[in-house]
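Data block below; observations after.
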Amino acid sequence: MAIIGNLLVKIGADTAGLQQGLGQAQTMVSGMGGKLGLLGSVGGAVATGGLALAAGAVAGIGAAAVGTSVSVLNMSSELDQAQRDMQAQLGLTSEEAAAMGEVVKGVYGNNFTDSIGEATAAVIEARQQMGDLSDKELQSATENALSMADAFGVDISESLNAAKVLTEEFGLSQEEAFDLMVGGFQRGLNSSGDFLGSISEYGNLFAENGLSAGQFFSAMETGLAGGVLGTDQIADAFKEAGILLLEGGDDVSAAFDLMGMDFERISGFIASGDEVWGDYMANILDGLRSIENPIERNKAGVAIFGTMWENMGASAMLGVDLTKTSMADLAGSTETLAAQYDTWGALFSGVWRRTLIALEPVGRKLLDLANRAMPAVEMAFAWFEEQLPPLVDQAIVVIDMLVAMFQDNVGPMSETWSETWATVQEATQQVIDFLSPYITGFLNYISEWWDAHGENVIQIAQAIYALIEMYIVMRLTQIQAFWDTWGSTILTIAKLYWDSIQVYIKAVLDIIGYAIDAAAALMRGDWEALGEALQNIWQTAWDAIAQILENGKKILIELLGKLKEELLKVWEDVKGKFSEVGQAIVDGIADGIRAGWNWLTDLVSDLANSLFKTAKDVLGIKSPSKVFMTVGHDIQAGLAKGLNDNSSAPVEAVRKTADRMVQNAFTQNIYTNNIGSTASEFNQMRALIST
């Protein structure tokens, strides 16, 4: 061993010249390295990482497959332990624990915890705090509490306890309860760190006094806005008011008188159970605001809200508004917390976890097969325990022989190596001396070239990098847009595919297990067990085929539904485009008409003037018109002739009318008796007309 050590020392000493040459080369390159900047760093990383990547690529493929298998088996084992823990801590049956195991898988698969163990602890906490919720509600409550923990740093037990108060006292759903709490944090109600504590401590008192969850929230919100230092003080003020109003007394009655309210009448309604003080709390606050005298107002405020009126101040209490915020205003607050998980890392992590969860039943089945095979494995280990000691003894003998052989031959080998190494060292030094000027010259050339062209290279590299970056950003944007449209559909279809793969693998493993049972039954001669095993094989295969076909149908329905939805969007877009085209045509026609209106009016005016001029020329119209003078003469002559030819007609008509009037008048007694001599007058008129 000493000889080998001396050789190593000699090698290190004799290579000093080589080390010196390399040091000079490094000095020449160092000046160039400072100019490389980011490009040099990237190049070094690529050079180093590229070798590592190339070396590990093949091994990585196999490692990924092995790692996935190990992860699946580990998850199956962890979920099995989780079910046992929940069964023990919550007193569940095995079936109930299995159902809650699905909740744990959902929480972990949705990326809310770092491990199955953390997901299990969170689900257990949610079940203990929130009571007997449905599996869906339990998972939602757990995930909401974990989201609040990530967003606001609150302990999940604290948020779950507050949610329990809100659901039990105010009748909210667990989603509404978390919306209220998240909305409070987002609006700054936890500025003093007591928001959840105020809900847990005072929520029941507000509810007992008939105030709604929205009024409870509004009281804390407006109280803080008015200058109160914490939500607990606001809640405590209403707590004191409930006690003092219930006790009554002269001071309270006098305060109501100042507000124009009848305390005895109202307290009677409340004592009978028909109403609660919450029905009047807004009126009480309005009544206190209506008292103009500040001394009287403070006296009434202390009578109703006690020392909290003095501690908080009149302005703060009078600023409380029970109608500021409703539960509808807080709806959807919890959903906004999802933004903190909207990253590519979270997406890939979620996909990986869902993959493991989808394969978990396979791991469970493998564990079952392993348990079935355990007796045979134990027998194999027992055989090895018996057979291994002799083999070890033989191996020790062989090793001793090899050690002795090495010791006998290492001396001559080292002497031969020393003689040979001197020659090798001399030749190596000659090669180094020969190559050193060339290497130095080459490095000098590279350094000079870089001094002349380095800046241009860096600029080109930066331009190329900018183009690559722009391309990558553009592609990532397209991928994001595609995922926004198809992401949920892809995940649904992928899950169905995983379910089908899971069903297939599970069926194969079940069939293998039943085949083992059938072989064992055949060896025992248990024909009934053999028939049952064969029946199980057939039923398992049939059920697997039916489930795979059902999943295929669901995939087709999902895909067709999404395609229909996208086609409808395209059609709506096309209709919108045609509508735009039609509107453009109409607008174009209108613009054309407006643009040509002056031309049209000018044209009509010109035509009218031309027509009028032509008519004047044809008719000989000057001043006066000779043509119309002739026309007028003929009109007058025609009129005279017409009158002369028909002049007797009007006289004859009047005569006949007069005859009928005289005849009718004197045939009636009333005219004969009363008019009398009028007949002679008519006769005279008739005679005149006849002449």
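Numbering of residues begins at 1 and proceeds along the displayed sequence.
- In this structure, the side chain of Asn161 does not engage the main chain of Ser157 through any donor-acceptor pair within 3.5 Å.
- Taken to the nearest 0.5 Å, the CD1 atom of Ile472 stands 10.0 Å off from the CD1 atom of Ile479.
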> Going through the distances and angles, do Thr334 and Asn144 end up as a side chain to side chain donor-acceptor pair (under 3.5 Å)?
Replying inline: CA-CA 7 Å; Thr334 309; Asn144 288 338; 5.1 Å; no
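- Atom CD of Glu550 is surrounded by more than 12 heavy atoms from other residues, nucleotides or ligands within 6.0 Å.
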>> Quick one, Leu189 with Leu224, criterion side chain to side chain contact (heavy atoms under 4.5 Å, CB included). Give me CA distance, side-chain angles, the key distance, then yes/no.
In response: CA-CA 7 Å; Leu189 270 62; Leu224 284 177; 4.0 Å; yes
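- The shortest distance between side-chain heavy atoms of Tyr108 and Asp114 does not fall below 4.5 Å.
- Side chains of Glu143 and Gln139: a donor-acceptor N/O pair is present below 3.5 angstrom, by distance only.
- Sorted by first and then second residue, the salt bridge (Lys or Arg N to Asp or Glu O under 4.0 Å) pairs with a member in residues 434-450 form an empty list; sequence neighbours excluded.
- The closest side-chain heavy-atom distance from Leu138 to Arg127 is below 4.5 Å.
- Side-chain contact between Val104 and Leu79 is present, with heavy atoms from C-beta onward closer than 4.5 Å.
- Taking the six-membered ring where the residue is Trp, Phe152 and Phe185 present parallel rings, their angle staying beneath 30° rather than reaching 60°.
- A donor-acceptor contact under 3.5 angstrom links the side chains of Thr336 and Gln186, judged on distance only.
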> For Val457 and Trp449, what are the C-alpha separation, side-chain angles and deciding distance, and is it a side chain to side chain contact (heavy atoms under 4.5 Å, CB included)?
Replying inline: CA-CA 11 Å; Val457 172; Trp449 185 91; 3.9 Å; yes
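- Using a distance-only test at 3.5 Å, with no hydrogens or angles considered, a donor-acceptor pair links the side chain of Asp179 to the main chain of Gly332.
- In this structure, the side chain to side chain contact (heavy atoms under 4.5 Å, CB included) partners of Ile493, at least two apart in sequence or on a different chain, are Thr489, Tyr497, Ile555, Glu558, Leu559.
- The heavy-atom pair separating Thr113 from Ala119 by the smallest distance is OG1-CB, 3.4 Å.
- In plain terms, the two heavy atoms of Ala82 and Thr120 that are nearest each other are CB-OG1, 3.2 Å.
- Looking at heavy atoms from C-beta onward, Phe482 lies out of side-chain contact with Thr477 at the 4.5 angstrom threshold.
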> Hey, mind stepping through Gln83 and Met100 against side chain to side chain contact (heavy atoms under 4.5 Å, CB included) and telling me if it holds?
Replying inline: CA-CA 7 Å; Gln83 292 183 19; Met100 287 191 63; over 6 Å; no
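- With rounding to the nearest 0.5 angstrom, the CZ atom of Arg84 is 14.0 Å from the CD atom of Gln89.
- Expressed to the nearest 0.5 Å, how far CD of Gln459 lies from CD1 of Ile464 amounts to 12.0 Å.
- Under the 3.5 Å distance criterion, with hydrogens and angles disregarded, a donor-acceptor pair is assigned to the side chains of Gln129 and Glu125.
- Across every non-hydrogen atom of Val154 and Ser159, the tightest pair is CG2-CB, 4.5 Å.
- Here the CD1-OG1 distance, from Ile512 to Thr540, works out to 12.0 Å after rounding to the nearest 0.5 Å.
- Listed here is the closest heavy atom pair of Ala141 and Gln174: CA-OE1, 3.4 Å.
- The main-chain N or O of Phe112 is never found under 3.5 Å from a side-chain atom of Asn110 such that the two would form a donor-acceptor pair.
- Counting heavy atoms from C-beta on, the side chains of Leu330 and Arg187 come closer than 4.5 Å.
- The minimum heavy-atom distance linking Ala151 with Leu337 is given by the pair CB-CD2, 3.9 Å.
- Minimum interatomic distance between Ala99 and Asp135 (heavy atoms only, all atoms of both residues): CB-OD2, 3.9 Å.
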